[in-house]
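Working notes for the structure below.
We're numbering straight along the sequence, starting at 1.
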Amino acid sequence: MNRLLAFWQLILKGLLRWLGSFYKRRTPTLVDIIDQARREWQEALKEFHLVDNEMVDYAIFKINTAERRFMALLNQARRSGVTAWPPDLPGPVRTTG
């Protein structure tokens, strides 16, 4: 009987450890979300060179969407007071003239 009880306790302990791992996952911070948006924008730029003539409009739409999302998140961070950014982050595109 003790062996059966020890067996069920072992199973229960493993199950609780497995379920607990779902609750311990870290929620992404604003910096994590911005970094992901930057990567999506860079991927959209790279994909543009791989599309054929039928997909050019979609690729341009995807680039514009990713860039606008990234810039909006940067503005949100700026409003929140987040100021420490790596120097290699791209900024808004500026045109001359």
Q.
Rounded at 0.5 Å granularity, tell me how far CG in L12 sits from CZ in R17.
A. 11.0 Å
Q.
I need the minimum non-hydrogen distance between A66 and W41, along with the two atoms involved.
A. CB-CA, 3.6 Å
Q | Cluster overlap I63 with F61, hydrophobic side-chain contacts below 4.5 Å | A | no
Q. Among E40, E43, E67, E47, which residue meets the salt bridge (Lys or Arg N to Asp or Glu O under 4.0 Å) test with K62?
A. E47
Q) Can you check side-chain hydrogen bond (donor to acceptor under 3.5 Å, both in side chains) on R79 and Q76, steps first, answer last? A) CA-CA 5 Å; R79 284 189 308 270; Q76 179 181 349; 5.3 Å; no
**Q.** Least distance between heavy atoms, K46 atom then L50 atom
**A.** O-CG, 3.8 Å
Q) Around atom CZ of R39, are there more than 12 heavy atoms of other residues, nucleotides or ligands at under 6.0 Å? A) yes
Q) So, for L74 and I34, which heavy atoms are closest and what is the spacing to 0.1 Å? A) CD2-CG2, 3.9 Å
**Q.** Heavy-atom check, side chain of D32 versus side chain of D35, under 4.5 Å
**A.** no
